[in-house]
*Asks:* 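Pasting a structure below so you can have a look.
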Number of protein chains: 2
Amino acid sequence: MKFSTLEEFGIRCLVQIARAGPSGALTIPEISEREGLSEANVAKVLRLLRQEGFVVASRGKTGGYALTRPAEEIRVGEVIHALGGKLYDDEFCERHSGGEEVCRHEGACGIQALWEEVQDAIDRVLNRKTIADLAQTPLIRREDLLGGRRS
Amino acid sequence: MKFSTLEEFGIRCLVQIARAGPSGALTIPEISEREGLSEANVAKVLRLLRQEGFVVASRGKTGGYALTRPAEEIRVGEVIHALGGKLYDDEFCERHSGGEEVCRHEGACGIQALWEEVQDAIDRVLNRKTIADLAQTPLIRREDLLGGRRS
DNA sequence: CTGTAACTTGACTTTTCCGTACAGTTTGAG
DNA sequence: CTCAAACTGTACGGAAAAGTCAAGTTACAG
Ligand code: FES
Ligand code: FES
């Protein structure tokens with residue numbers, strides 16, 4: 001299983017904006033440069049984030065994107081959910097018309113139960129992390145990792 | 001995020017074979033009919049399952065697929081892992097050449113840590129379920145669900 | 001005012017993933 | 001021996017995702 005690029009890049013962009021400070025903002029070129037993505041691609045992701053209400057854009061020469069809420073209040077799960085949909089939705093079982101009645105709507109499908117369990121496990125992890133948690137990196141420097149022992 | 005169809009169908013096929021009993025086997029047309037998938041697609045999935053060592057095929061007029069191990073010993077996580085790869089692998093960070101050193105190999109990347117956490121949560125759920133668990137459905141009948149209260 | 005730097009939008013191209021088709025090989029029943 | 005029923009492998013076409021491009025709008029600096 002894997003995340004879509006929209007989901008991943010969405011998180012990355014929000015984290016970068018969060019690092020600009022509580023009332024700071026970043027432009028598309030800035031985010032592009034810092035995250036190593038093309039400007040066009042960043043623009044596409046940010047458009048979705050704006051439509052979903054996570055960021056606001058100001059136009060013009062001094063424009064940029066800013067968070068609509070404090071980074072501490074944006075749960076990662078929200079973003080993933082808004083950008084990527086669910087693993088198991090209500091239509092899921094409808095798409096299978098297998099010959100066995102038991103795997104349709106009889107409520108006794110092991111696959112269905114397992115999928116929901118996985119979805120819950122993922123959501124639990126994603127919902128207890130916020131963008132702020134990801135934004136405040138420990139900022140370990142290479143020197144600390146290598147030569148921290150002596151000298 | 002979502003599972004690939006190979007991952008899902010792989011599980012479904014193994015569950016069907018498991019229901020044929022410990023030493024039973026099923027043919028492609030049988031699985032196809034029971035699971036509601038095309039025969040060509042079932043064949044494709046089973047080929048991978050065979051190459052990964054989960055099933056053995058016997059050819060000829062009385063052929064079919066059987067499990068190589070008891071269903072109780074096949075963990076769902078194994079199958080997903082063999083068919084779909086990992087959410088976060090070692091090359092993951094190499095694919096990002098962002099401008100910030102901190103999100104490359106400095107060991108202080110919040111995204112990387114989160115992804116691993118999600119991967120672990122998924123694996124925990126998938127590894128405590130076996131194909132046998134999914135194969136033995138409670139077989140709840142519609143009457144039990146509706147009129148179990150009286151009469 | 002004017003020009004530049006930024007956001008906005010839709011369409012387009014590329015890539016990847018799925019499902020299917022088909023031509024082959026094997027095996028056992030009759 | 002013959003043939004039908006099964007597996008095996010490759011190759012093709014469509015659909016969805018991912019990424020790109022170009023033309024337009026907005027707003028501030030100067
Ligand atoms: S009933 Fe939904 S997957 Fe089986
Ligand atoms: S995602 Fe790997 S270092 Fe940031």
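Every chain is numbered from 1 and lettered A, B, ... according to where its sequence line falls, protein lines coming before strand lines.
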*Asks:* Would you mind reading off the distance between A/Leu37 atom CG and D/dA18 atom C1', rounded to a whole angstrom?
*Replies:* 12 Å
*Asks:* Quick one: which of D/dA29, D/dT8, D/dA18 gets closest to the side chain of A/Ser4?
*Replies:* D/dA18
*Asks:* So, B/Arg50 side chain and B/Val56 main chain: donor-acceptor pair closer than 3.5 Å or not?
*Replies:* no
*Asks:* Does a side-chain N-to-carboxylate-O contact under 4.0 Å join A/Lys44 and A/Glu39?
*Replies:* no
*Asks:* Name every residue in residues 40-51 of chain A that has at least one heavy atom under 4.0 Å from any atom of DNA chain D, in order of residue number, or write none if there are no such residues.
*Replies:* A/Ala40, A/Asn41, A/Lys44
*Asks:* Using a 3.5 Å distance criterion without hydrogens, assess whether the side chain of A/Glu72 forms a donor-acceptor pair with backbone atoms of A/Ala132.
*Replies:* no
*Asks:* Using modelled atom types only, decide if a donor and an acceptor are shared between the side chain of A/Asp133 and the backbone of A/Lys129 within a distance under 3.5 Å.
*Replies:* no
*Asks:* Please figure out whether B/Ser38 or A/Ala57 has its closest DNA chain C nucleotide nearer the 5' end.
*Replies:* A/Ala57
*Asks:* Using whole Å, what does the distance between atom C1' of nucleotide D/dC28 and atom CZ of A/Arg59 come to?
*Replies:* 13 Å
*Asks:* B/Ile17 CD1 to D/dC7 P: how many Å, rounded?
*Replies:* 10 Å
*Asks:* Salt bridge or not between B/Glu117 and A/Arg128? Use side-chain N to carboxylate O under 4.0 Å.
*Replies:* yes
*Asks:* Could you tell me the separation between the CG atom of A/Leu83 and the P atom of D/dA18, rounded to a whole number of Å?
*Replies:* 11 Å
*Asks:* Does any N or O in the side chain of A/Glu30 come within less than 3.5 Å of the main-chain N or O of A/Thr27, such that one atom is a donor and the other an acceptor?
*Replies:* yes
*Asks:* Between A/Gly60 and A/Leu6, which has a closest nucleotide on DNA chain D that is more 5'?
*Replies:* A/Leu6
*Asks:* Calculate the interatomic distance between B/Lys61 atom NZ and D/dA4 atom P; express it in whole Å.
*Replies:* 8 Å
*Asks:* Does a salt bridge link B/Glu78 with B/Arg69, judged by any charged N lying under 4.0 Å from a carboxylate O?
*Replies:* yes
*Asks:* Are the side chains of A/Gln16 and A/Arg12 in touch, meaning some heavy atoms are under 4.5 Å apart?
*Replies:* no
*Asks:* Tell me: CD of B/Glu39 to C1' of D/dG9, nearest whole Å?
*Replies:* 17 Å
*Asks:* Using a 4.0 Å cut-off to any heavy atom of chain B, which nucleotides of DNA chain C are the first and last in contact, reading 5' to 3'?
*Replies:* C/dC18 to C/dG28
*Asks:* Just so I know, are the side chains of B/Leu83 and B/Ser4 near enough to count as touching, which here means a heavy-atom distance under 4.5 Å?
*Replies:* no
